**Student:** 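Pasting in a structure now, in structure tokens, and then I'll have a few things to ask.
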Amino acid sequence: MQLNQLLRNPRLERVFVTLLPLVAVIAALVLGAFMLILMNADPIEAYRDGLYEGAFGTKNAVADTLIKATPLLLVGIGICISFRGGVINIGGEGQMIVGGLAATWLGLEFRDASPDVMIPACLIGSFLAGAIWGGLAGVLKAYFNVNEILSTIMLNQIASLWMGYLVRSVLISEKQKNSASPIPETDRLPREFDLPRIGERLDDIYKFFGLPSDKLWATTLLHNGIIIAIILAVLVYIFLWRTTIGYRIRAVGKNPRASRYAGIQVKHYVVLSLVLSGGFAGLAGGIQVLGVRHRMNAEGGAIAFTGNAGFNGIVAALFGKLHPLGTIPAAVLFGALLVGGNKLQRVVQVPSALITVLIGLVIVFVVGSDIWTRRRTQRRVSVDGAGSEAQPETEGIT
Amino acid sequence: MPNAKLLPTGQARIEHMEMRGIVKRFPGVLAADHINFDVRAGEVHALLGENGAGKSTLMKILYGLYQQNEGDIFLNGERVFIKSPADAIALGIGMIHQHFMLVPSLTVAENVALGLKSSRGLLLDLDVVTNRINDLAKTYGLHIDPSAPVWQLAVGERQRVEIIKALYRGAALLILDEPTAVLTPQEVDDLFVTFNQMVDDGHALIFISHKLHEVLAISHRISVLRDGKHVGTVPTREATKQSLARMMVGREVLLQYDRPPVEVGPPRLQVTDARAASDQGTEALRGVSLDVRAGEILGLAGVSGNGQRELAEVIFGLRPMTGGTINIEGRDVTGQPASILNTMGMSYIPEERMVDGVIKDFTVAENLILQDHGLPVYSRNIFLRPGAIAQRCAELIQNFNIRTPSQETPIKSLSGGNIQKLVLARELARAPRVLIAAQPTRGVDIGATEYIHQRLLDQRAKGTATLLISEDLDEIMALSDRIAVIYEGEIMGVVDRANASIEQLGLLMAGVRQETTAEQSA
Ligand SMILES: Nc1ncnc2c1ncn2[C@@H]1O[C@H](COP(=O)(O)OP(=O)(O)OP(=O)(O)O)[C@@H](O)[C@H]1O
Ligand SMILES: [Mg+2]
């Protein structure tokens, strides 16, 4: 109970609560270290030469980390909106898929149009597709009382099946269609539609200032998506805390009853939360297509396309305390874990499942610490009227 | 304590509990400033003070919900450390919070058993619990059916369950934080019978209330807090309402108002034959007709639970009507949502302000703009105007004397009464054309009560049509121009205040209709 004594100081407590996610990550890594030892691997080597080196060791590694972080961040800021609006969107996977399909279809259908038009058009199209997919669950929840957790999970399934069907039929490339054993994939989108690489832009800037070209960055695959995502995170922050619509979304999320009394159309905002949340996940799908894959491929199923970002984005958002700005470092952290985890596995020769376990541990610790802080604050909530949530009444009764 | 006497519950008595030099700091507030407080077995010690004076904080320290920064607690002369409610319960201290913490879907017995060790290990021992509940109920006049699910119980009954729960856990010292705020006068009387019985048996009780007559009726000693400081402790027999009010507020409080005659205008709110169902599906409104005119306060008296809440909700478009119409300034608004009514200058101070009136995780400023955040004062296009909001909120906080460290404080850390004041400030400041005020002074201190009453009269002078829903007949009599009485979803009669007597209203409230008190229409 030393800790509790220490935390009586409000300022110390605030610092502690902010740093808690990091503590959780470190705790998870320590536990992971024991598992590595059990598997006869050297944890220091694994973490230093594997995890860290793999995620941040070279410019390419950093680029890779950021590429992986991009969809996590986009899904994550959508999750910030929906969770703040009191809606639990588990449908990021499906929303990403329909977003990816929309971008692919637009890009292939109008392959001769100017990229200046088509890149924004594909991205907006993917946003809209995801928004519709999320909005569907929103309408079901608001007007038919269908639990959004169930409906979004089912919509994931539907989107995944749809992808399989479309990529095998209407969207399949001419070449594959005519081959004897066709691979289910679409044509590659025109190269002009690829999201610009950041390195190329940096080179332009260097050149402008008369500096020598930075070869290394120029060759990384890092595309503009991360910049788009960060700008959007800032915009969503402003949206949630500085606009009337964001205010209403948060009000409905915290207390739908009082919101209704205040004349807020609660149902509209439930739908809107899911529309926006789905939109950002859809955009994540669109950016995956334009920035990384340049086509849809149905071979590995949904996960091969999304890389689980629809789910991991939720974790990133929770890690970022459901704050769009907090989600930025959180997404980078999880991107790093994913990329570094691959290297770790190669360096110390452990099964890839260990990486999943490690990420799982981080999640458990983060969520656990979150519950812990919430309990703590709840205990301090005034009870004579100011606090009505579940109270610690039964907590220590023996 | 070998020779300590036992209570009928088998628990050792707490002969003397003493808190010495208690200090509690919250960010920006000194909630308790070296407070001394004590209570003995066999007495009711009342704790008085304005909203935010620190009453609840002091009691939460005693119950282990908060830890004091300085000061000590002694039980029977021995220093104790209370780190959690579990510690408090183990020491024989129980607390009844104003907001009950029962699980609605469980029965009374299940609620009492919740979190306790069963006498049969893993098997439930509900029959044992039931017997014991019946014993306790008999001893203390707490009539309750142990097998009834809690959601079916009225507020007063739920409170009895809470008290039984505390007694079951062996409370020798019971803290009651504003237990009467939500009770009808009859229920308060019943509760006091229980209190007296407990005190006779040697329990120690701490009682918090803003109603001076209750404090004078039940307590043996009274302590007054102001701004976190202990102002004084007096024996109840030496105290009067006036002297207590002076100690609390630091000035005279009159609670009597000038009601200058106001030109009464055309009807602004007309309810015709309103019918609606309650949450449980029973008929809550059975053809209610009312009209409230500009510049008039219509008091709606009645024991709560007779359809008042449903009436307010149908007027405000929050509950579907099964029949009848609502007219605002001649316009039929039957079935219109609250969003439309808001724009028509309607304001509603809901009775359950903690749930319906505020968002607890939002800041003070965010709560003050709950309806009006979309108006040009607070936003341009879709962007909120933080500067304008801050300025306006500062005025409201100042005018209504809302005690808060800052506008950015989440309101869940405000004192109960200050949250109430915040809702009142917001609704009254909207200069409503039609105002529905349900129990507007419940839970607020007497200084604030006086201020709120004055504001309601000011609004009346400005032509607002006010429907004042209150259980407090003194409040109704002090403010209303006409008084309607509701009983089981029907209006029993409407009388002019000038001709109304408390006895007559009491009869109407009990459902005795007087044909002679025909509806007044000017
Ligand atoms: N959890 C908390 N965090 C921060 N400040 C708090 C907290 N609880 C209470 N306070 C502050 O402490 C002061 C005393 O509050 P307290 O609830 O004890 O008042 P009270 O006397 O019970 O008032 P009321 O009659 O309104 O219930 C208030 O200024 C309040 O804002
Ligand atoms: Mg209080």
Side-chain angles (χ1 to χ4, degrees), chain A residues 1 4-5 7-11 13-14 84 86 238-269 322 374-398, chain B residues 26-27 56-57 59-60 65-67 69 83-87 89-90 97-99 101 114-117 169 177-178 208 316 318 337-343 348 350 354-362 366 369-371 373-374 378-379 382-384 386 411-417 419 443:
Chain A
M1 291 297 95
N4 271 328
Q5 301 277 330
L7 293 183
R8 278 198 209 158
N9 179 333
R11 200 164 307 148
E13 176 176 10
R14 207 163 318 145
R84 292 267 172 194
I238 294 171
F239 171 77
L240 278 175
W241 274 278
R242 293 288 145 82
T243 71
T244 52
I245 304 171
Y247 174 90
R248 283 177 214 146
I249 286 178
R250 289 185 298 118
V252 167
K254 286 290 185 196
N255 186 343
R257 245 186 104 87
S259 302
R260 198 166 74 97
Y261 271 61
I264 296 173
Q265 311 238 296
V266 173
K267 294 186 176 189
H268 293 9
Y269 287 91
L322 294 178
R374 222 172 296 164
R375 278 272 181 91
R376 274 186 61 80
T377 39
Q378 224 164 51
R379 273 191 54 167
R380 311 164 124 250
V381 166
S382 131
V383 212
D384 74 324
S388 78
E389 286 98 333
Q391 289 298 332
E393 252 297 77
T394 51
E395 206 172 63
I397 297 166
T398 44
Chain B
F26 288 116
S56 299
T57 302
M59 290 303 109
K60 284 178 198 166
L65 282 164
Y66 294 155
Q67 304 295 306
N69 298 107
K83 295 222 170 67
S84 70
D87 289 353
I89 291 166
H97 304 285
Q98 188 181 335
H99 277 242
M101 287 170 299
L114 199 67
L116 289 176
K117 270 201 184 118
R169 283 162 172 68
D177 193 352
E178 299 193 39
I208 301 178
F316 225 74
L318 296 163
S339 46
I340 303 279
L341 294 164
N342 263 331
T343 62
Y348 176 29
M354 298 294 174
V355 195
D356 300 335
V358 291
I359 296 175
K360 289 205 205 95
D361 292 306
F362 272 23
E366 284 175 323
I369 59 171
L370 200 53
Q371 292 94 351
H373 59 270
Y378 296 129
S379 59
I382 62 163
F383 290 98
L384 295 169
I411 62 153
K412 62 184 171 195
S413 60
L414 261 54
S415 84
I419 298 178

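Nothing here was measured: the structure is a model prediction, and the numbers come from that model.
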**Student:** Under 4.5 Å heavy-atom distance to chain A, tell me which part of B:Asn342 shows up: side chain, backbone, both or neither.
**Tutor:** side chain
**Student:** Parallel, tilted or perpendicular: which one describes the rings of B:Tyr348 and A:Tyr261, with boundaries at 30° and 60°?
**Tutor:** parallel
**Student:** Is chain A contacted by the side chain of B:Ile340, its backbone, both, or neither, given a heavy-atom distance below 4.5 Å?
**Tutor:** neither
**Student:** Who pairs with A:Ala251 by side chain to side chain contact (heavy atoms under 4.5 Å, CB included), at least two apart in sequence or on another chain?
**Tutor:** A:Ser259, A:Ile264, B:Ile359, B:Phe362
**Student:** Closest approach of B:Val358 and A:Ala258, non-hydrogen atoms and distance?
**Tutor:** O-CB, 3.6 Å
**Student:** Sort A:Arg248 into side chain, backbone, both or neither according to what part of it lies under 4.5 angstrom from a heavy atom of chain B.
**Tutor:** side chain
**Student:** Could you pull out the closest heavy-atom pair between B:Val355 and A:Asn255, with the gap in Å?
**Tutor:** O-ND2, 2.8 Å
**Student:** Let me confirm one number: the CH2-CG distance from A:Trp241 to B:Leu384, rounded to the nearest 0.5 Å.
**Tutor:** 12.5 Å
**Student:** Mind listing the closest non-hydrogen atom pair of A:Ala262 and B:Leu370 along with its distance?
**Tutor:** CB-CG, 3.5 Å
**Student:** If we define contacts as heavy-atom pairs under 4.5 Å, which of A:Ile238, A:Ile245, A:Thr244 has the most with chain B?
**Tutor:** A:Thr244
**Student:** How close do B:Asp361 and A:Lys254 get, heavy atom to heavy atom, and via which atoms?
**Tutor:** OD2-CD, 3.3 Å
**Student:** In Å, rounded to the nearest 0.5 Å, how long is the span from CG of B:Asp356 to CZ of A:Arg257?
**Tutor:** 4.0 Å
